[in-house]
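First the structure, in the form of C-alpha cells, and then the observations on it.
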Amino acid sequence: MGTVTSTTRRRFLVATIAASGAAASGLNLALISNASAWAEATDDASSDTAISLARLARLYYPHDKVADEVYLQTVDSILSAAASDPQLQEFLDDAYAALDAAGDQPFATLDPASQLAAMTKLQNEPFFTAIKVQLLLRFYVNRDVWKAINYPGSSVEHGGYVDRGFNDIDWLPEDGR
Amino acid sequence: MSKQFELNDASVVVVIGSGAGGGTVANELAQKGVDVVCLEAGKRLALSDVVNDPGVMLQKLGWNDPRKGTPVTTCKTVGGTTMRWSGITPRIQAHEFKALSTYGQMQDTTLIDWPITLEELEPYYDKAENKMGVTGTHGIPASAETNNYKLLKAGAKKIGYKEYTSTRTAINSVARDGRAACRQIGFCHSGCAIGAKWSTLYTEIPKAEGTGHFELRTEAMAVKLNHNDAGEVTGVIYADSDGNLHEQKARAVCVAGNVMETTRLLFNSTSNLFPDGLANSSGHLGRNYTRHLMLSTFSIMPGEVNFHRGTRQSGLLFDEQYHKPERGFNGGYLIETVATDPMTVAWAVGGWGESAADYLENYTKLGGLWVTGEDPPQASNRITLDDDERDQYGLPVPTLHYEFHENSLAMFEHAKTQCEALLASMGGQKPATAIDLGGGCHNMGVARMSADKKDGVTNRWGQAHDIPNLFVTDGSLFSTSAAANPTLTIVALAIRQADHIAARMKNREL
C-alpha cells in the first residue's frame, strides 16, 4: 500500500463518526453500541480514531459477551504503540484509506455485509494482518475477554487444579465412566 | 554460602550462561571441586516472581534485546530456558545419532553423523534423568493423566497407535529432591510457581553454591573472549549491570548462551589469529541452525477438555518417531499434548471474524496436540552479525536466517493429517493446524560436534576443534536435531563434558 495523505485519513474518521449513530442503532453486528457515550467521555481527536478502530476490532473478533469498553481499551493500547512506531502508524493509515476505497461509499457507512466484504477483499494486505496481530496480542490477554470465553486465568492462588478437575473428563468413549 | 573469586584468578573455569547446559556443567564441575565462575546476563528471580500468566512471564524471562530475522524465543534470566520449557524429556534414538548413515545424502542439507553414539551417551542420559527427576525413570511414578492426555490416549488407541505414555516429563509426580509434587497449575511452561518442574534456578545453581567452589554473577553479559598467542582462551570480557567492562581470567571457558548468544560471542571474539570468528576454521560457526518441525493442532471436541487445567505437555506418543521413508520423508516426529492460552490459540487458529471468535468461544472444549520432528541441517540456515545495528552493550545485533527444508514440509503434511485424525476420532471438529508457532525455542546446531574438524566447530566432547580450552555446552552442539525435545540431551552432554574437563584438568592437560 502506498502512503496515505492525512486528508484521506481524516475522511475515514469523519465518515465513521458521522455514521456512528446509524451504524450503532440498526446494524446486526452493532460495532459499537454506545459510540456516542464514548464520544462524550473522550472528545479529543484521538478518541475519534479510537472509536473507529474499536468498531473495526469488533469486526475482527466479534464476541457478544465482550463489552465495547474492552475493544476500546485494546485499540487505545495499539494507538499508544503507534505513536512511537511509524511502521505501525503507516499500517493504520493504509487500513483507513484502503477500507474507505474498498466499497462504493466510506467504510463506516457500509452495511455489515458490505463491511465484511470489504475486509475479505483486503485480508491479504500486509496492514490487515499487522492490525490483526496487534489486536490478538492485546485483546486475548484481557481478563474480561478471558472471562467471556470461560478461561479463569491464574490458578496458583487456588492451589492449581490437582483437586479441581485436571482429570475430570467424562465423555471419552473409552474412559469407562 | 557463595564463594567469590578474583577477576585475575586464572585458575577458574568460566561458564557463560546458567541454563540447562551452563547451570549443569557448572554444578557438575563444582561438585568435583573445580572452581567455577558463572556469568549470567539476566537477573536472579525467586519462585515468588513466577506468576501464572504466559504473557507476563515472557516479558520477565525472555531475551528481549534487539534481534533480527526469524524470531527465536530464548531467556535472559538465571536458569535460562529451564525457566520456560514444558519438561518433556525423551531420549534421542540410536539411528538419529547416525543421521547421514541412516538417511543418506539429502539434497541441500549438511547432514552428518554425530561423533558419539546412543550407547556412549546412555550412562549420561541415566544421570540426567535422575538429576532432573524424569517420570518413569529411577522408580519415579508416571505423571498424573490430565484431561488432554486422556484425550490423546483415547484417540491414539482409536486410530491404532500403541506407544503412548504419561511419563518422560521432568516435573515431580511425587515430592523429590527437596522439591514439591506437581499441583497441576497449568501454563507452567512459563515458569513453575512451586518448583515442581526442574529448573537450574533452584537445583543446580544453589547446589553449586553449596560446594564453596562456585560463584554466580548476574547481569553479567559476556561480550568477548580473549586469547593468547598460542591460541588458548585466557579470559572473558563482560559488561556488568552499569555497562562497565571487566575481564575474568579463565583456565577454560564453557559457552552456553543458547544459539544466538553463543554464535555472537564467538564471532565477536574475532582476532588476527582467528580472522573468521573464534573456533571457526571450518566456516561452520553460526551455520546448520535447526529448530525442529513444530506444529500445533487444535480441534473443538464434543465435551469439555479444559486443557488449561494441568501441565501443558503431560504425555507423548512415540509411534511416528521412527525412520520410515515410505511416509515420504526422512526421520520422524513425536506427538505430544499441548495447551495454550487464549492469545496463542487465536494466533494458531488464524483467521478473523465470526469463525475466529467462535473458535475462542469454545476454548474449554479444545483438544490440543503438538509435534516436534527432525529438521535437517542446512548451511544457509544461519546466524550472522549485523554491523550496522548495535544493542545496548554496543554489540552487533544477531540476525537469524531460517527456511524450512522440503523434508520438514513433507513431514508437516503427514503430522497434520495424523494429529487431525487423532482428534477427529474422538469427535473433534474444525481442526486447525499451524506450523512453527511463534519463535523457535528448540535451537540447535550452530557450533555442532563433528568427527572431522572440517564438518563442525566442536569435537565429541563439545571442545572447540581449534581451541583446546574452549567448550560449547548448549544446544549449539547438536550435530543434527533428531526429533526429541532437546533439554535432556543438553543436560546429558553437559554432565559428560564436566567429566571430561575434570579428568583433563587432573592430568594437567587443561
Side-chain angles (χ1 to χ4, degrees), chain A residues 28-29 56-66 74 112 115-117 119-120 122-123 128-129 131-133 135-177, chain B residues 50-56 144-151 153-155 157-158 181-188 193-194 196 301-311 314 341-347 349-354 356-365 367 425-427:
Chain A
N28 196 13
L29 274 171
L56 189 62
R58 193 183 274 282
L59 285 173
Y60 267 95
Y61 295 118
H63 289 281
D64 292 345
K65 287 187 198 161
V66 177
T74 304
Q115 286 182 323
L116 289 175
M119 290 174 75
T120 304
L122 297 167
Q123 64 183 347
F128 192 93
T129 305
I131 292 174
K132 188 177 84 178
V133 169
L135 281 173
L136 77 84
L137 289 175
R138 292 173 162 83
F139 183 72
Y140 285 115
V141 299
N142 185 293
R143 300 300 183 273
D144 292 322
V145 177
W146 286 358
K147 205 172 165 188
I149 62 171
N150 299 315
Y151 169 54
S154 174
S155 82
V156 178
E157 55 274 45
H158 308 295
Y161 289 101
V162 70
D163 302 317
R164 298 190 309 131
F166 82 99
N167 60 353
D168 67 354
I169 195 166
D170 60 3
W171 53 267
L172 288 170
E174 297 186 41
D175 205 30
R177 283 189 283 169
Chain B
V50 175
V51 296
N52 190 199
D53 184 327
V56 173
E145 298 189 3
T146 64
N147 290 336
N148 204 23
Y149 176 73
K150 289 181 179 182
L151 172 62
K153 185 168 79 169
K157 275 187 200 170
K158 185 87 173 179
C182 177
R183 292 199 59 86
Q184 306 293 345
I185 291 166
F187 298 136
C188 57
I194 60 171
M301 306 309 296
E304 300 281 306
V305 179
N306 286 309
F307 66 17
H308 60 277
R309 301 179 183 171
T311 55
S314 51
D341 60 291
M343 186 271 284
T344 311
V345 171
W347 181 275
V349 169
W352 58 277
E354 293 279 8
D358 178 64
Y359 220 97
L360 270 297
E361 290 190 356
N362 281 290
Y363 183 73
T364 59
K365 289 186 177 178
S425 78
M426 291 294 112

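Order of the sequence lines sets the chain letters (A, B, ...), proteins ahead of strands, with each chain counted from 1. These numbers come from a predicted model, not from an experiment.
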Turns out that what part of A/Thr120 lies under 4.5 Å from chain B's heavy atoms comes down to both
Okay, B/Phe307 and chain A: the region with an atom under 4.5 Å from a heavy atom over there is neither
Under 4.5 Å to a heavy atom of chain A? For B/Cys182 that would be backbone
Value for CE (B/Met426) from CG (A/Leu172), rounded to nearest 0.5 Å, stands at 6.5 Å
How far apart are the closest heavy atoms of B/Ala357 and A/Pro62, and which atoms are they? CB-O, 3.2 Å
Is there a side-chain contact between B/Trp347 and A/Val133, using heavy atoms and a 4.5 Å cut-off? yes
Which pair of heavy atoms, one from A/Met119 and one from B/Trp352, lies closest together, and at what distance? CB-CH2, 3.3 Å
Given side-chain contact (heavy atoms from CB on, under 4.5 Å), test B/Met343 with A/Phe139 step by step and report yes or no. CA-CA 8 Å; B/Met343 186 271 284; A/Phe139 183 72; over 6 Å; no
Pairs involving residues 151-167 of chain A, ordered by first then second residue, that meet salt bridge (charged side-chain N to carboxylate O under 4.0 Å, His left out) (sequence neighbours left out): A/Asp163-B/Arg183
Straight-line distance of B/Arg309 CZ to A/Tyr161 OH, nearest 0.5 Å: 6.0 Å
Residue pair B/Asn52 / A/Val156: nearest heavy atoms and the distance that separates them: CB-CG2, 3.4 Å
Is the closest basic N to carboxylate O distance between A/Asp168 and B/Lys150 below 4.0 Å? no
Heavy-atom distances under 4.5 Å only: say whether B/Leu151 touches chain A with side chain, backbone, both or neither. both
Straight-line distance of A/Ser155 OG to B/Phe187 CZ, nearest 0.5 Å: 9.5 Å
Derivation and outcome, side-chain contact (heavy atoms from CB on, under 4.5 Å), residues B/Ile185 and A/Phe166: CA-CA 9 Å; B/Ile185 291 166; A/Phe166 82 99; over 6 Å; no
Nearest non-hydrogen partners of B/Val305 and A/Ile169, listed with the distance: CG2-CD1, 4.4 Å
Region of B/Glu145 in contact with chain A, defined by heavy-atom distances below 4.5 Å: backbone
Is B/Ala144 in contact with chain A via its backbone, its side chain, both, or neither, using a 4.5 Å heavy-atom distance? both
Can you tell me how far CG of A/Leu116 sits from CD of B/Glu354, rounded to the nearest 0.5 angstrom? 8.0 Å
Under a 4.5 Å cutoff for heavy-atom pairs, which residue among A/Tyr151, A/Trp146, A/Tyr61 has the most contacts with chain B? A/Tyr151
Among B/Ala193, B/Ala356, B/Pro302, B/Gly310, residue most engaged with chain A (heavy-atom pairs, under 4.5 Å): B/Pro302
Spacing of CG belonging to B/Asn306 relative to CG belonging to A/Asn167, to within rounding of 0.5 Å: 11.5 Å
Could you go through the side-chain contact (heavy atoms from CB on, under 4.5 Å) check for A/Tyr140 and B/Leu360 one step at a time? CA-CA 9 Å; A/Tyr140 285 115; B/Leu360 270 297; 3.6 Å; yes
Cut-off 4.5 Å, heavy atoms of chain B, and the answer for A/Phe128 is side chain
Between B/Asp53 and chain A, with a heavy-atom cut-off of 4.5 Å, which part of the residue counts as in contact: side chain, backbone, both or neither? side chain
